[in-house]
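What you see is a predicted model, and the numbers here were worked out from it, not measured in a lab. We count ligands from 1, going down the list as the structure has it; atoms in each ligand are counted the same way.
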Amino acid sequence: MDFMQQLRNRWQQADSLVCVGLDPEPAKFPAKFAGDPDAVLHFCTDIVDATAEFACAFKPQIAHFAALGEEGALQRVIAHIHARHPGIPVILDSKRGDIGSTAQHYATEAFDRYAADAVTANPYLGRDSMQPFLDRADRGVVVLCRTSNPGAGDLQDLLVDGRPLYQHVAGKVAREWNGNGNCALVVGATWPEQLREVRAIVGDVPFLVPGVGAQGGDAGAVVRNARTADGTGLMISSSRAVLYASRGEDYAEAAAAAAKALRDEINQHR
Ligand SMILES: O=C(O)c1cc(=O)[nH]c(=O)n1[C@@H]1O[C@H](COP(=O)(O)O)[C@@H](O)[C@H]1O
């Protein structure tokens, strides 16, 4: 089943717009993982199993694995999600973007090596740099639009023909790049006004919305400003606030409680 259909099914079946981010940082792991050579794998699969019931998607962040030489664990975590929690899509957060011939390898990396259902992508190099991802019609391409970080506006807000650049990105993705219907956009939870503006431009294109939890975004404002008419359209992503909710023996229960609390808070505003 293609990414968009999986996502729509999961929004309905789990009644959840929560995306659980997998950003392993061994220094923050509970003490029981000290000395475990497969700590990254075991911690991540424990979190996946504890939070799956509340998740519309999982989003492993590639640098958190690659910096540790843990690409093998990343592959196994994604395989674990597919095997144990079929129907929950996996978004590989790698923010790729390069000339077309290289981008082809990034698409192979995300979709074939790691078997991700979707990938985050940086549109700065333009249409041909996105094409290898866009051509994989059964996979999702989640394009950076207005990112959650403090410096997002340095370039993304520059006025081009009287409108900020991120609005041009939104329009191009929705009207020109989404021929296969497999595009989504990243818009940070830290920018409620921009969420509203981008929603007005792109119709029902799904948003990946990082920035709640550790970055301080307001989940209620995200939902009010950016849900679609049917009360979906959002993958509201949280990593650290879920993963490291407790560093004690109860880490998995605490992660589940944090994911459930976020789901419930979001659902109050749908
Ligand atoms: O593409 C992303 O996922 C992303 C885009 C963005 O604008 N802001 C952002 O924080 N992210 C990612 O989302 C995650 C946020 O983590 P927490 O702040 O711990 O919830 C990290 O993995 C970031 O790399």
Side-chain angles (χ1 to χ4, degrees), residues 3 7 17-29 40 43-44 47 51 54-68 70 74 77-78 89-97 106 110 114 116-124 130 133 140-157 164-166 169-170 173 183-192 194-195 198 205-219 222 226 234-247 251 254-255 258-259 261-263 265-266:
F3 169 72
L7 181 61
L17 307 183
V18 172
C19 171
V20 174
L22 300 172
D23 296 11
E25 291 182 60
K28 296 182 179 172
F29 288 178
V40 170
F43 176 75
C44 289
I47 296 289
T51 59
F54 310 112
C56 73
F58 285 106
K59 184 180 73 71
Q61 207 296 318
I62 196 166
H64 285 80
F65 293 83
L68 301 166
E70 289 280 359
L74 173 58
V77 169
I78 295 174
V90 176
I91 303 160
L92 181 65
D93 179 13
S94 53
K95 298 185 184 68
R96 298 306 196 195
Y106 280 135
Y114 290 113
D117 300 290
V119 68
T120 57
N122 187 329
Y124 193 71
M130 296 289 99
F133 302 109
V141 189
V142 187
V143 180
L144 299 180
C145 179
R146 186 56 162 76
T147 55
S148 68
N149 54 309
D154 291 351
L155 298 176
Q156 296 161 26
D157 284 2
L165 181 60
Y166 70 87
V169 172
V173 170
C183 290
L185 289 165
V186 174
V187 189
T190 41
W191 310 111
Q194 287 83 350
L195 277 158
V198 176
V205 169
F207 292 178
L208 172 68
V209 186
V212 297
Q215 297 178 55
D218 172 1
V222 171
L234 300 168
M235 301 167 268
I236 301 177
S237 190
S238 180
S239 304
R240 286 166 290 181
V242 172
L243 299 174
Y244 311 114
S246 165
R247 294 171 74 172
Y251 65 98
L262 180 57
R263 181 199 65 176
E265 184 188 356
I266 290 167

Geometric cation-pi criterion, Arg263 with Phe54: 6.0 Å, 45°: no
Closest contact, heavy atoms only, Lys95 versus Thr120: N-OG1, 2.8 Å
Positive for side-chain contact (heavy atoms from CB on, under 4.5 Å) with Leu22, one of Leu74, Leu243, Val40: Leu243
Side-chain donor/acceptor of Thr147 to backbone N/O of Ala152, under 3.5 Å: no
Min N/O separation Arg240 to ligand 1 under 3.5 Å: yes
Output field: ring centroids Tyr244/Phe43 closer than 6.0 Å: yes
Proximity to ligand 1 by part of Lys95, non-hydrogen separation under 4.0 Å: side chain
Atom 20 (O) of ligand 1: nearest protein contact (heavy atom, Å): Ser239 N, 2.9 Å
Polar contact flag for Gln215 and ligand 1 (N/O pairs, less than 3.5 Å): yes
Protein heavy-atom partner closest to atom 8 (N) of ligand 1 - residue, atom, separation in Å: Ser148 OG, 2.7 Å
Location of contacts on Val186 toward ligand 1, heavy atoms closer than 4.0 Å: side chain
Min heavy-atom dist Asp93 to ligand 1 below 4.0 Å: yes
Options Ser237, Ala121, Pro60, Pro210, ranked by nearest heavy atom to atom 5 (C) of ligand 1, top entry: Pro210
Enumerated ligand 1 atoms positioned under 4.0 Å from heavy atoms of Thr147: 7 (O)
Ligand 1 versus Gln61: contacting region, heavy-atom distance under 4.0 Å: side chain
From Val77, Val90, Leu92, residue fulfilling side-chain contact (heavy atoms from CB on, under 4.5 Å) relative to Tyr114: Leu92
Distance from atom 22 (O) of ligand 1 to nearest protein heavy atom, with residue and atom: Asp23 OD2, 2.7 Å
Heteroatom distance test (His64, ligand 1): nitrogen or oxygen, under 3.5 angstrom: no
Side-chain donor/acceptor of Gln61 to backbone N/O of Asp23, under 3.5 Å: no
Sub-4.0 Å heavy-atom approach of Lys59 to ligand 1: yes
Under 3.5 Å donor-acceptor, Thr190 side chain and Ser148 backbone: yes
Check: Ser238 N/O within less than 3.5 Å of ligand 1 N/O: no
Any donor-acceptor N/O pair, Gln215 side chain to Gly217 backbone, under 3.5 Å: no
